[in-house]
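Encoded as structure tokens, the structure appears first; notes follow it.
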Protein chains: 2
Amino acid sequence: MSADQITRIRDFSRAVAVEVGALEDSFLDRGRSLGAARVLNAIGIGYKNLSALRSFLQLDSGLLSRLLRGLEDEGLIETTTHPMDRRSRVSSLTEKGKQEFDLYEALSNERAAGILARHKDAPRLLQAMDVVTITLSRKDIVFEEVDYASAPAQHCLTAFADELSTRLNLTFDLKQSGDPELAQMKPPFGTFLVARLQGRPLGCVGVKGSGGPCAEIKRMWIAPSARGLGLARSMMTAAEEAARRLGIQTLRLDTNSTLFEAVSLYQNMGWHQIERFNADPYPDLFFEKHL
Amino acid sequence: MSADQITRIRDFSRAVAVEVGALEDSFLDRGRSLGAARVLNAIGIGYKNLSALRSFLQLDSGLLSRLLRGLEDEGLIETTTHPMDRRSRVSSLTEKGKQEFDLYEALSNERAAGILARHKDAPRLLQAMDVVTITLSRKDIVFEEVDYASAPAQHCLTAFADELSTRLNLTFDLKQSGDPELAQMKPPFGTFLVARLQGRPLGCVGVKGSGGPCAEIKRMWIAPSARGLGLARSMMTAAEEAARRLGIQTLRLDTNSTLFEAVSLYQNMGWHQIERFNADPYPDLFFEKHL
DNA sequence: ACATTTGCCTGACTTTAGTCAGGTAAATGT
DNA sequence: ACATTTACCTGACTAAAGTCAGGCAAATGT
């Protein structure tokens, strides 16, 4: 744990504290105490159960109770008992509360836009922020099976195609609507997985089947900001599990030897090299794995 | 100002608030109120003048006064009147206060080390943090004329040599102690500039003269984390000004055509291409500027 | 010279945050 | 069934943070 690294972390925290603090301060701009504003916003973003609110905001039961009553007196929230457990209570925004919440959102957006405006000539800032965001909250990344045609899937595929196009100096379009692969990457033949962090798509992988015992891994991609976190490995694992659930016994894939990191990942995960199984010009390495 | 960018800023702020908050919390670990701890630390890092303290910590005059008195009662600080203006007062740490300050520093380092430990398998995190830190606080970057042999200069030159070595697959050593260039890059012949952010060196440039009206720009380098901020331009400007102060009338430099960003910067700043003036194998483009 | 401003202190006050010991009603364990 | 636990509320309290008016001494303006 070098002193230099610690200094860099502390410099970082000092530098962002100012900007991030300004964003937090927007919660004070509407004449309400910070505590009350935080509760209102937590309810607005979906923490309705009081116990969830308490643990999210790290509030004492008594304190939360009082803040809630204050918001109720203002007519911003309503609290009812939980239908399953009548000890528990559930809060929700009233119409007036929603308006107030929207005002807080607008304020926060304004502050964020202010940060952006102050640094709009620093194109690398947002990318670097993404890397930090994703790394710090990578425990929250989830894998979802979605339709190949759904918005998050299309987001990944567009980004993937753009990346391939610039890297190989060719034009790729991986998501034509009439694509015959479309049917092969949804159940019962195959599936399509995306990795998401709080809704934002960070990567994808497709399992393309034909009803038989053999299927193919396609469209494996990780967003640049999410690389270096071992996401590829967990996404491959998730894809293999999904394939197993579909009754698939053997998976194949093609890749290019210049992608050495991917190649060593496959070898590391128990894939073994096989003979060429298609005539595509781009791939020059072929792998297989028995599930 | 796209909604997507605003979302990314807000996600970033949410993600770092947790970690940064934990670092701030270390101020509570020694049984003192947050306000008192912040004042003690602000004095420790150099804010001694009360008016400077007030604006740095955004404290009400009365509040600061009381916090200071509390610290005085603990024997941690001493306050004297300002020698120039006897209305103003200046605080400084006592021996006991210094010890207490060091304990806070140790706690903060510990927390930072904790963050590092939690993410040590994310090699890109620190780099990304550096980009964020430097971009957000780039207004604080200063240029200093230093000796070619000084620590910050050597830091830059080592990094520069390493970068050249890996990029060109050769071995460079730009800072041999017996280097004849050493004398030519200090007054009265030339100079050596480093760009620093709170002490950390971010880039360098040398002006190598021989006493005559003509000098050469050498060793121009910007730390990877500090690129994309226009630092190269301001560093070149600073170098030209320093050269002018030394009585130099013409500057020359050599570069390589693959460094297209540098080349377009030179053209943009009024340099014009000239004939080859040395026999080095690496450069293939030569520029000159009359000051 | 004298009014004004600046820099800081003091006292009196309010608000916010946070803690803790009960208390009630519903759910759960055995 | 009855003791225990859980989920929340209430009241009483303290500590910390923040506000404001006034005051004093030194500096400054004219």
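Basis for what follows: all heavy atoms, side chains included, without hydrogens, waters or symmetry-related copies. Letters A, B, ... mirror the listed sequences (proteins, then strands); counts begin at 1. On a predicted model such as this, the values are computed, not experimentally measured, just so you know.
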Answer yes or no: does a side-chain N or O of Ser33(A) lie under 4.0 Å from OP1 or OP2 of dT15(C)?
->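 The answer is no; no side-chain N or O of Ser33(A) sits under 4.0 Å from OP1 or OP2.
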Report yes if a side-chain nitrogen or oxygen of Arg54(B) is closer than 4.0 Å to either non-bridging phosphate oxygen (OP1 or OP2) of dC8(C); otherwise report no.
-> yes
Would you check, one step at a time, whether the test side-chain contact (heavy atoms from CB on, under 4.5 Å) holds for Ser91(A) with Glu78(A)?
-> CA-CA 6 Å; Ser91(A) 292; Glu78(A) 277 168 346; over 6 Å; no
Checking contacts here: which listed nucleotide ([options]) is nearest the side-chain heavy atoms of [X]?
X: Arg87(A); options: dC20(C), dA17(D), dA25(C); answer: dA25(C)
X: Leu50(A); options: dT19(D), dC9(D), dC8(C); answer: dC9(D)
X: Leu63(B); options: dC9(C), dA17(D), dC20(D); answer: dA17(D)

May I ask you to decide whether Arg111(A) forms a salt bridge with Asp29(A), counting only side-chain N to carboxylate O separations under 4.0 Å?
-> yes
[X] [atom1] - [N] [atom2] separation (whole Å):
X: Asp60(B); N: dC9(C); atom1: CG; atom2: P; answer: 12 Å
X: Arg32(A); N: dT15(C); atom1: CZ; atom2: P; answer: 16 Å
X: Leu28(B); N: dA16(D); atom1: CG; atom2: P; answer: 10 Å

Apply side-chain contact (heavy atoms from CB on, under 4.5 Å) to the pair Val146(B) and Thr191(B), showing each step before the final yes or no.
-> CA-CA 8 Å; Val146(B) 301; Thr191(B) 188; over 6 Å; no
Only one of Glu72(B), Arg69(B), Arg89(B), Lys48(B) passes side chain to side chain donor-acceptor pair (under 3.5 Å) with Thr79(B); say which it is.
-> Glu72(B)
Taking the side chain as C-beta and beyond, is there a heavy-atom pair between Leu34(B) and Arg38(B) under 4.5 Å?
-> yes
Intermediate values then yes/no, salt bridge (charged side-chain N to carboxylate O under 4.0 Å, His left out), Asp130(B) and Arg200(B) = CA-CA 11 Å; Asp130(B) 284 346; Arg200(B) 188 185 342 176; 3.3 Å; yes
Sub-4.0 Å heavy-atom contacts from residues 64-86 of chain A onto DNA chain C, ordered by number = Arg66(A), Asp85(A), Arg86(A)
